[in-house]
Participant: 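My structure is below; once you've seen it, I'll send some questions.
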Amino acid sequence: MLELQFERSLLQRMFGVMSVKLTNRAHPVHVTTLLDIDSSLQPLITSWFEARTKDVEIDPHSQYSSLKQEACPIPSYVEVNSK
């Protein structure tokens with residue numbers, strides 16, 4: 001898994017929930033969306049996701065093998081607040 005995205009619509013904000021999108025950039029790309037997750041879980045999900053950087057390994061035979069962990073932080077997350 002390489003990307004984590006939080007989204008909150010106006011209605012979700014009113015009810016204190018959010019959508020969480022998990023993206024795996026394998027071939028083919030796989031996107032999983034979890035709907036209406038309690039917003040109070042965001043720090044827990046984010047800390048779990050950031051801790052996964054220890055589990056990420058780049059295949060030495062892949063086209064990305066020359067990337068340094070510092071130059072290309074893997075994984076990443078973003079928060080999107082929908083209007």
Participant: Among Val31, Leu4, Ile45, Thr33, which residue meets the side chain to side chain contact (heavy atoms under 4.5 Å, CB included) test with Leu22?
Facilitator: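 So, applying the side chain to side chain contact (heavy atoms under 4.5 Å, CB included) to Leu22 and each of Val31, Leu4, Ile45, Thr33, only Leu4 qualifies.
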Participant: Is a donor from one side chain sitting under 3.5 angstrom from an acceptor on the other, for Ser19 and Gln12?
Facilitator: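 Ser19 vs Gln12: donor-acceptor pair found between side chains.
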Participant: Val17 and Met14: same hydrophobic cluster, using ILVMFWY side-chain contacts below 4.5 Å?
Facilitator: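 Hydrophobic grouping puts Val17 with Met14.
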Participant: Which heavy atom in Ser39 sits nearest to a heavy atom in Arg8, and how many Å separate them?
Facilitator: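 Taking Ser39 first and Arg8 second, the nearest heavy atoms are OG-NE, 3.7 Å.
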Participant: Please tell me whether Leu34 and Leu44 are part of a single hydrophobic cluster in this structure, the criterion being side-chain heavy atoms less than 4.5 Å apart.
Facilitator: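 Linked, Leu34 and Leu44 end up in one cluster.
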Participant: Less than 4.5 Å apart, any side-chain heavy atom of Met18 and any of Glu7?
Facilitator: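 No, too far: nothing below the 4.5 Å cut-off.
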Participant: Between Phe6 and Thr46, is a side-chain contact (heavy atoms from CB on, under 4.5 Å) present by the stated rule, with each step listed?
Facilitator: CA-CA 10 Å; Phe6 300 102; Thr46 302; 3.4 Å; yes
Participant: Between atom CD of Gln5 and atom OG1 of Thr23, what is the distance when rounded to the nearest 0.5 Å?
Facilitator: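 Answer rounded to 0.5 Å: 7.0 Å.
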Participant: Are Leu35 and Val20 co-members of a hydrophobic cluster defined by side-chain heavy atoms under 4.5 Å apart?
Facilitator: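 Looking at the clustering, Leu35 is in a separate group from Val20.
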